[in-house]
Each structure stands twice: as structure tokens, then as C-alpha cells.
J.: 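My questions will all concern the structure given below.
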Amino acid sequence: MTNPLLDFTGLPRFAEIRPEHVVPAVEALVAEGRATIERVVAGDAQPAWETFVRPLEDANERLARAWAQVNHMNAVVNTPALREAYNAALPRVTEFFTEQGQDQRLHAGYKALAASPAYARLSPARRRYVDNELRDFRLGGAELPPPEKARFRELKEELAKLGSRFQDNVLDATNAFGLYVTDPAELAGIPEDVVEAAREAARKEGREGAKLTLHMPCYLPVMKYADHAGVRESMYRAYMTRASEFGPPEWDNTQVIERILRLRAELARLLGHASYAEVSLATKMAGSAEEVLAFLQDLAKRARPFAERDMRELAAFARDELGIASLAAWDIAYASEKLRQARYAFSDQEVKQYFPEPEVLAGMFRLVQALYGLSIRPHPAETWHPAVRFFEIVDAAGERVGQFYLDLYAREGKRGGAWMDDAINRRRVGSRVQTPVAFLTCNFSAPVGGKPALFTHDEVTTLFHEFGHGLHQLLTQVDELGVTGINGVEWDAVELPSQFMENFCWEWDVVEPMTRHVETGSRIPRALFERMLAAKNFQSGMQFVRQLEFALFDMRLHHGDGAREGVMRLLEEVRKQVAVYPIPAYNRFPNQFSHIFAGGYAAGYYSYKWAEVLSSDAYAAFEEAGVLNPEVGARFRREVLATGGSRPALESFVAFRGRRPQIDALLRHNGMTEAA
């Protein structure tokens, strides 16, 4: 085929995809989708699964698969030409799915199917699919009168464009910054591998010294280890003012945020909801914004005393041992790392030497084999970058279960952060089962100096987290597209499998075999691991309230406060409630908060803490039976991972745990079971 985006016979043909393929492929697939809709609504026949739902699924999947490739490449190998093609095609994709969500004929067809005798004979997964479709038609504006429908479509299209622009602005502002350091004294304390990478970046530009950037593999070590306070302050200011009025006006997200909030509020009003939070929560476990706010405020009340204790200890240490009389925001990570080293006698850099990438991957794959009886092995495939690898998961009989791409390293043109996304979903096509394929993406430091990439323990935990999402997507046994993998899973439950996987990074029997010192080849000493374990909940109170700050800000922003108070004023009010250290007035965190303005977490950031209750309680079942217990692993796979969105997440949890979730394990895992 001349256009690789229109080839659905196998894996994506990434090596051949060009920007000029994007718009023609989208136009062809949208036209095909519209023709399919006209075909299934023609005539007076009673809608049935095979003649109504299945054809729509087929057409929508083709467009979704092609767009998944474009969307992914735009995030990981962003170029001006690809960005232009993406932004040209985005309105067409948004318009098509919005149109479909408002089509009265399709809505009537699903209602007729749900009311027919055939509905009772459908499998539970198919009934769940139909119920979700009816819900989504309501949320998609299908029941609105024609003028409001048209306005709803305009809102969805503009919001999609604004989300893309928000993301582009953050990426451009991140890529554009460089702090060029020629005085070696200003690099003191920064790990040698980070300094070497910074020198190499400067050399590539024909500059002297080192180029410090805002990409995570550089920014985080600088903030934690740079002895020069001026360097830390410069980096912090640059990072926290990205995409704001303090930089180039074309990258300022201030007006983008205000416009997004106005349009979301208008969209909610069109649907008859008091706030956008109500729209968001219609597809989640939580019943109302009030329930979420009460949940977050209860956690804040429990966590704040521990956070205040953490801050008192840090301030005293910084004053007495580091000569920092008053901690500034750019001192927090630096002083915290010094305190941790003093208290527990190890550093991230010391630990990092024991986690070379090949050993970590092998250890993670062994865990999957121990828990679920599955093997993971490399497999050939076209990729979008030479550093990307491809793997397949097979069962004990050698049958393929799923496949995934692994893109681990930060680079220019790649969006920051870590995430999992679907490339191909599991579904039954005739007598054949289409195996799922996922994208797993991180932003770690690439190998330097002929050595393998080395991961901090935090990065190992991040990798396990994303792999947990991947397993949720890949180990599904559901064959219906709308509820397979993570599809149809309530957003506030989707973090359960990912956060669950993080716990294994603190188990000696899992960690020890996946370590090998990059120089000596020795395993991590038990004494060092015990110090890491002792430090596990170091400053957990401060970290806990930081997540609550983001979640409360997000929920209040989308539940009415934001429009009245202004974004920054609202954030300041939330910080007064939960934050424990001062933030400079120039800090523009909202301008980079891609989760809620471009990443699907609007009025949903609380999901991390909500799901952490579920994941901690689920992991407690392994603690009770033995963390590598294959019987408990098989039950978790069967009742949680395999079921996807085919039933409510609470039902899946209860089927696994035998009862409703309890908060005790979350507090225990975070060291919050004693008085602060």
C-alpha cells in the first residue's frame, strides 16, 4: 500500500510513515466511517450486534489505529512538518467522533438494541458496551436540540486544538532553554554522567562548557545535586515559568488555559451539568465532586501533620548543616537529598550504579513470569527511532498474548513524562483473536560512554508503573473493543494496576536479582537495600500533600471556583490549605499542567490517590500470602487485569479481594500510621 497508515494487516509501518501521509489517510478513513454509518442506519431492520455494532466498530477501529500512530509519533518524534500535519488532521478526527456521538439515528439504534429481547442474550461484556455507548451519547450531546448540537461540536473541536497547542507550547519552551555554564565551580556536585551529557550538548552547538537543559535527565539531578545555589535558582525559575508570560508570547499558555476553562464550563452547561467536574465524573467511580473533595480533604487532614514534621526537620537540617537560613523552593530537592544521605548513608547516584537497564528489564520480565506464568522476549518490528525496542508476551504454551514497544530515553522532539498508550486493541475478528499492542514511553537518560543506561530507583519505579498499565492493556481476555484492555475502565480505577506494580520495587526477592553494579558486576548489598527501605517513606508527608495540592486544585478549578477566583488565586488558596513550603510568586505551574489541560485528567487528577487506595489494598493480599504467590497472581490477573472494562471496577476489586477497598494499607505503605 502506498499509504502505510491505511495498512491494517499487521504492525504499524513506522519506518515508512511521513507527514504527507497523515491528512489523506484521515480523510479516507473518516469518509469510510461516514459511509458505514449511512449503511447501518439504512432500512427498518431491528439493530443487532453483528449488523449494527460490529460494522461501526470495524470502521472506528481503523481510524483509531491510524490516529494512534500519528498521535504517538507527534509525541515522541515531533518535527515541524509532522506537527503541521497532525494539527491539520486533528479537527477532522475530532469532528467525526463528535458527529458520531451526536447522531440521533445511531443513538436510536443503541436504544432499540438495549430495549430488545436480544439485549438479555448478549454477553455481560457486550451489555456493558451498549450501556457505555448510551451513556456516551448523552455526554456527547446526542440529546441536544440542533443549534446546541452544532455549538457542542464547535466546542469539542476547539478544545482538541487548544489541548494540542498547550502541549506544543510546553514542549517548545522546554526545548528552547539552555543554561550554558563555563565555570567548573558552577557544576560542582552534579553527577559526572549528567555533566558529560551537558558538555556533549554544548559541543554539538559549538559552545564551550556545558549546556544544562530542562529535560528531566538533566533538570532533576541539577536540582538535587548542584552545590551552586545560583544555578539551582536559574534552572528552577526557567522550569517553573515555561509556557508563561515570562517567556515568548507565542508559547504563553495563560490565555489557552482561560479559554479551555471557559469552553469546558460552556460544554457542561449545554449538557445540563452545573460544572465540568460533573461531566468528567459521569465516567468515573466517584459519584460527585463533593465526594471527591471530601476524600481529598480527609487525606489532607491525615497527611498534613506528617508533611509539617518533614518540613520542620528539613529546615533545621538546612540551617544547622548546610548554612541555608531560609529554604527557598529551589533548595528543597537539594537539601532533601543531603538530609537523606546524612540520615540513611546512601545517594541516588550510588544506587543508580546497581540498576543497569538490561538487568532491570530482565528482572521486571521475571516478575511477570513468576506472577502470571508469562514469558517476554524480543521480537522484530519497525520503529520510529533506533533506540526503540519491541517485545512479545507469550504464555506457557508459546502462544502470543500481546506485544509492546519500549521507548525509554529522553531526546529532542519527545514530550516529557512517562505513559502507556494503545496501538492495537484485543478483539475477535471472525475465528481469530487480534492480539493487543501497546506503547510504553519513558524519558530516562540514554547510555553514555559505552555503558548501559543506568536508572535511579525512582526511575525503576516509574518503569514498573508504566508496565503495570501495559499489562492491564495486554493481558485482557475481553474480545469486545469498547471494553477490552483499559477501554471502558473508570478513569479513577485505571491507575490500580500501575500503582500496584510499583510495590514490587521494594521487595528484596524482586530487586536483588535485577541489580548488577555497572563496574564490579556485584549485586546490590542487602545493607544498602535495607537503608533504601528505611528511607522509603522519607518525606512521604511532603510528597503526599503535593499530590493532594494538584488534585484539589484540579477538582476545584473544574467545579466552579476557577472561573470566579482566577487560576493562580485558586492555586494559592489550595496551597495555603495543604502546602508546607513557600512557592515563589513567579511560579506558573498551571501553565505546564498537561495532565489536566491536554492529557485527559481534567477533574480527574484525584484518580491517582483514589486508585492508590485500591492498589495498596490489592497489594496487601500479596503481602498476606507471599508477594510472589502465583495463586494470588493468577487471581489478580483473572479478576482485575483480564476483565478490562467489561464490568465495574469495584466489582473486579471485590472479586479479587473478597470485600470492598479499605484505606488502611495506603496509610501503612506511606508510613502514616503513627502520630507525626
J.: Let me confirm one number: the CG-CZ distance from Leu5 to Arg65, rounded to the nearest 0.5 Å.
T.: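 The CG atom of Leu5 sits 11.5 Å away from the CZ atom of Arg65.
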J.: Between Arg427 and Thr484, is there a side-chain donor-acceptor contact under 3.5 Å, judged purely by atom types and distance?
T.: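 Arg427 and Thr484 do not have a side-chain donor-acceptor pair below 3.5 Å.
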J.: Between His457 and Cys505, is there a donor-acceptor pair closer than 3.5 Å when you use the side chain of the first and the backbone of the second?
T.: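 Yes, His457 side chain to Cys505 backbone: donor-acceptor pair under 3.5 Å.
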J.: Check for a donor-acceptor pair, side chain of Asn78 on one end and backbone N or O of Asn74 on the other, with a separation under 3.5 Å.
T.: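 Between the backbone of Asn74 and the side chain of Asn78 there is a qualifying donor-acceptor contact (under 3.5 Å).
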J.: Under 3.5 Å, is there a donor-acceptor pair linking the side chains of Ser375 and Gln369?
T.: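 Yes - a donor-acceptor pair under 3.5 Å links their side chains.
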J.: If I take atom OG from residue Ser652 and atom CD from residue Glu490, how far apart are they, to the nearest 0.5 angstrom?
T.: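 So the OG of Ser652 and the CD of Glu490 are separated by 8.5 Å.
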J.: Salt bridge (charged side-chain N to carboxylate O under 4.0 Å, His left out) with Glu133: which residues, sequence neighbours excluded?
T.: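 Checked Glu133 against salt bridge (charged side-chain N to carboxylate O under 4.0 Å, His left out); zero matches.
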J.: Answer yes or no: does atom CZ of Arg660 have more than 12 heavy-atom neighbours from other residues, nucleotides or ligands under 6.0 Å?
T.: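 Count not over threshold, so no.
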J.: Is there a donor-acceptor contact under 3.5 Å linking the side chains of Ser498 and Glu495?
T.: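 There is such a pair between these side chains.
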J.: Below 4.0 angstrom, N of the basic side chain to O of the carboxylate: do Arg400 and Asp395 qualify?
T.: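 The answer is no: the pair does not qualify as a salt bridge.
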J.: With a cut-off of under 6.0 Å to the ring centre and 45° to the axis, is Arg389 in cation-pi contact with Phe391?
T.: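 So Arg389 doesn't make the cation-pi contact.
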J.: As a test of understanding, state which of Tyr354, Trp508, Phe355, Trp506 forms a ring pair (Phe, Tyr, Trp, His ring centres under 6.0 Å) with Phe529.
T.: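 That would be Trp508; it is the only one of Tyr354, Trp508, Phe355, Trp506 passing the ring pair (Phe, Tyr, Trp, His ring centres under 6.0 Å) with Phe529.
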J.: What I'd like to find out is whether the side chain of Phe96 reaches to under 4.5 Å of the side chain of Leu63, using heavy atoms alone.
T.: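 A side-chain contact under 4.5 Å exists here.
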J.: Testing the 3.5 Å rule here: is there a donor-acceptor pair between the side chains of Ser445 and Asp193?
T.: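 Not at all, the side chains of Ser445 and Asp193 share no donor-acceptor pair under 3.5 Å.
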J.: Is there side-chain contact between Val53 and Arg126, with at least one heavy-atom pair below 4.5 Å?
T.: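 Of all side-chain heavy-atom pairs linking Arg126 with Val53, none is under 4.5 Å.
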J.: Is the side chain of Asp7 donor-acceptor paired with the backbone N or O of Arg13 at a distance under 3.5 Å, no angle test?
T.: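 Answer holds: no.
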J.: Determine the sole option in Phe550, Tyr605, Tyr606 for which the ring pair (Phe, Tyr, Trp, His ring centres under 6.0 Å) test with His595 is passed.
T.: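 Checked Phe550, Tyr605, Tyr606 against His595; only one passes ring pair (Phe, Tyr, Trp, His ring centres under 6.0 Å): Tyr605.
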J.: Which residues satisfy the side chain to side chain contact (heavy atoms under 4.5 Å, CB included) test with Val518, sequence neighbours excluded?
T.: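 Partners of Val518 under the side chain to side chain contact (heavy atoms under 4.5 Å, CB included) test: Gln353, Lys451, Pro452, Leu454.
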J.: Quick test of your reading of the model: are Glu549 and Arg546 salt-bridged, counting only N-O distances below 4.0 Å?
T.: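 Looking at Arg546 together with Glu549, the answer is no, because their closest N to O distance does not fall below 4.0 Å.
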J.: To the nearest 0.5 Å, what is the distance between CZ on Phe656 and CG on Asp617?
T.: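 So the gap between those two atoms works out to 9.0 Å.
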J.: Side chains of Gln100 and Asn60: do they bring a donor and an acceptor to under 3.5 Å?
T.: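 Distance-only check passes for Gln100 and Asn60.
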J.: Please enumerate all residues that pass ring-ring contact (aromatic ring centres under 6.0 Å, His included) together with Phe166, with sequence neighbours excluded.
T.: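 In terms of ring-ring contact (aromatic ring centres under 6.0 Å, His included), with neighbours along the sequence ignored, Phe166 is linked to Phe597.
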J.: Say whether, by atom type as modelled, one donor and one acceptor occur between the side chain of Asn487 and the main chain of Leu481 under 3.5 angstrom.
T.: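 A pair under 3.5 Å: yes.
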J.: Check the side chains of His469 and Asp421 for a donor-acceptor pair under 3.5 angstrom, ignoring hydrogens and angles.
T.: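 No, no side-chain donor-acceptor contact under 3.5 Å.
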J.: Which residues pass the side chain to side chain contact (heavy atoms under 4.5 Å, CB included) test with Ala453, sequence neighbours left out?
T.: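 Side chain to side chain contact (heavy atoms under 4.5 Å, CB included) list for Ala453, sorted by chain: Glu357, Tyr409, Pro447, Phe455.
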J.: Only one of Leu666, Asn670, Val613 clears side-chain contact (heavy atoms from CB on, under 4.5 Å) with Leu299; which?
T.: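 Of Leu666, Asn670, Val613, side-chain contact (heavy atoms from CB on, under 4.5 Å) with Leu299 is met by Leu666 alone.
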J.: Are Ile376 and Phe467 close enough that some pair of their side-chain heavy atoms sits under 4.5 Å apart?
T.: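 A side-chain contact exists here, since the closest heavy-atom pair is under 4.5 Å.
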J.: Is the backbone of Met420 close enough, under 3.5 Å, to the side chain of Glu466 for a donor and an acceptor to pair up by distance?
T.: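 Yes, because the side chain of Glu466 sits within donor-acceptor range (under 3.5 Å) of the backbone of Met420.
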J.: Establish, yes or no, whether a centroid distance under 6.0 Å links the rings of Trp384 and Tyr405.
T.: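 Yes: the rings meet the under 6.0 Å criterion.
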J.: Are Arg668 and Glu623 within salt-bridge range, i.e. N to O under 4.0 Å?
T.: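 Yes, charged N to carboxylate O under 4.0 Å.
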J.: Please test Arg242 against Thr174 for side-chain hydrogen bond (donor to acceptor under 3.5 Å, both in side chains), starting from the C-alpha separation and ending with a verdict.
T.: CA-CA 7 Å; Arg242 289 176 301 158; Thr174 303; 2.8 Å; yes
J.: Which value, rounded to the nearest 0.5 Å, describes the distance between Thr462 atom OG1 and Met501 atom CE?
T.: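 Between Thr462 OG1 and Met501 CE, I get 12.5 Å after rounding to 0.5 Å.
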J.: Would you say the side chains of Asp422 and Asn425 form a donor-acceptor pair under 3.5 Å?
T.: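 Yes, a side-chain donor-acceptor pair sits under 3.5 Å.
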J.: For Asn443 and Gly417, which heavy atoms make the closest approach, and how far apart are they?
T.: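 Closest heavy-atom pair between Asn443 and Gly417: ND2-O, 2.7 Å.
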J.: In plain terms, say whether Glu359 and Arg516 are close enough for a salt bridge, that is, a side-chain N and a carboxylate O under 4.0 Å apart.
T.: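 Salt bridge present between Glu359 and Arg516.
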J.: Output yes when a side-chain donor or acceptor of His385 lies under 3.5 Å from a complementary backbone atom of Ala387, and no otherwise.
T.: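 Pair found, side chain donor or acceptor close to backbone of Ala387.
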J.: With the threshold set at 4.0 Å, does a side-chain nitrogen-carboxylate oxygen contact exist between Asp458 and Lys352?
T.: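 Salt bridge flag = no for Lys352 with Asp458.
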J.: Can the ring centroids of Tyr239 and Tyr219 be said to lie less than 6.0 angstrom from one another?
T.: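 That pair passes the under 6.0 Å test.
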J.: Looking at side-chain heavy atoms only, is the closest gap between Leu650 and Leu614 below 4.5 Å?
T.: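 No, side chains not in contact.
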J.: Side chain to side chain contact (heavy atoms under 4.5 Å, CB included) with Asp509: which residues, sequence neighbours excluded?
T.: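 Only Leu628 meet the side chain to side chain contact (heavy atoms under 4.5 Å, CB included) criterion with Asp509.
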J.: Do Tyr619 and Val627 make a side-chain contact, defined as non-hydrogen atoms from C-beta onward lying under 4.5 Å apart?
T.: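 SC-SC contact between Tyr619 and Val627 confirmed.
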J.: Please say whether more than 12 non-hydrogen atoms of neighbouring residues, nucleotides or ligands are located less than 6.0 Å from NZ in Lys414.
T.: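 Atom NZ in Lys414 is packed in, count exceeds 12.
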J.: Compare all side-chain heavy atoms of His465 with those of Trp419 and state whether any distance is below 4.5 angstrom.
T.: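 Result no, sub-4.5 Å side-chain heavy-atom pair not found.
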J.: When you look at Glu639 and Arg647, which way does the salt bridge (charged side-chain N to carboxylate O under 4.0 Å, His left out) test go after all the steps?
T.: CA-CA 10 Å; Glu639 302 295 356; Arg647 65 185 180 191; 2.7 Å; yes
J.: To the nearest 0.5 Å, what is the distance between CZ on Arg428 and CD on Glu480?
T.: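 If we round to the nearest 0.5 Å, Arg428:CZ and Glu480:CD are 9.0 Å apart.
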J.: Considering only heavy atoms from C-beta outward, does the side chain of Asn537 approach that of Phe544 to under 4.5 Å?
T.: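 No; the side chains remain at least 4.5 Å from each other.
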J.: May I ask you to decide if Gln473's main-chain N or O and Thr476's side chain share a donor-acceptor pair within less than 3.5 Å?
T.: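 No; zero donor-acceptor contacts below 3.5 Å.
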J.: Within the supplied structure, the quantity of interest is the number of heavy atoms (other residues, nucleotides, ligands) at a distance under 6.0 Å from Glu624 CD; does it exceed 12?
T.: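 Yes - once you tally the heavy atoms of other residues, nucleotides and ligands closer than 6.0 Å, there are more than 12.
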J.: If the plane angle is over 60° it's perpendicular, under 30° parallel, otherwise tilted; pick one for Phe504 and Phe500.
T.: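 Rings of Phe504 and Phe500: perpendicular, over 60°.
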J.: Is it the case that the side chains of Glu16 and His21 hold a donor-acceptor pair, with the cut-off being a distance below 3.5 Å and no angle test?
T.: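 No - no donor-acceptor pair under 3.5 Å links their side chains.
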J.: So Asn87 and Arg83, side chain to side chain contact (heavy atoms under 4.5 Å, CB included) or not? Walk me through it.
T.: CA-CA 6 Å; Asn87 285 323; Arg83 182 184 294 187; 3.5 Å; yes
J.: Please list, chain by chain and in numerical order, all residues satisfying side chain to side chain contact (heavy atoms under 4.5 Å, CB included) with Asp131, sequence neighbours excluded.
T.: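 Side chain to side chain contact (heavy atoms under 4.5 Å, CB included) check on Asp131 returns Tyr119.
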J.: Using 0.5 Å steps for rounding, measure from the NE2 atom of His72 to the OG1 atom of Thr441.
T.: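 Here the interatomic distance stands at 4.5 Å.
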J.: Within the structure provided, determine whether Leu641 and Tyr372 are in side-chain contact (heavy-atom separation under 4.5 Å).
T.: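 Yes; the side chains approach each other to less than 4.5 Å.
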J.: For Ala611, does its backbone N or O pair with a side-chain atom of Asp492 as donor and acceptor, under 3.5 Å?
T.: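 No.
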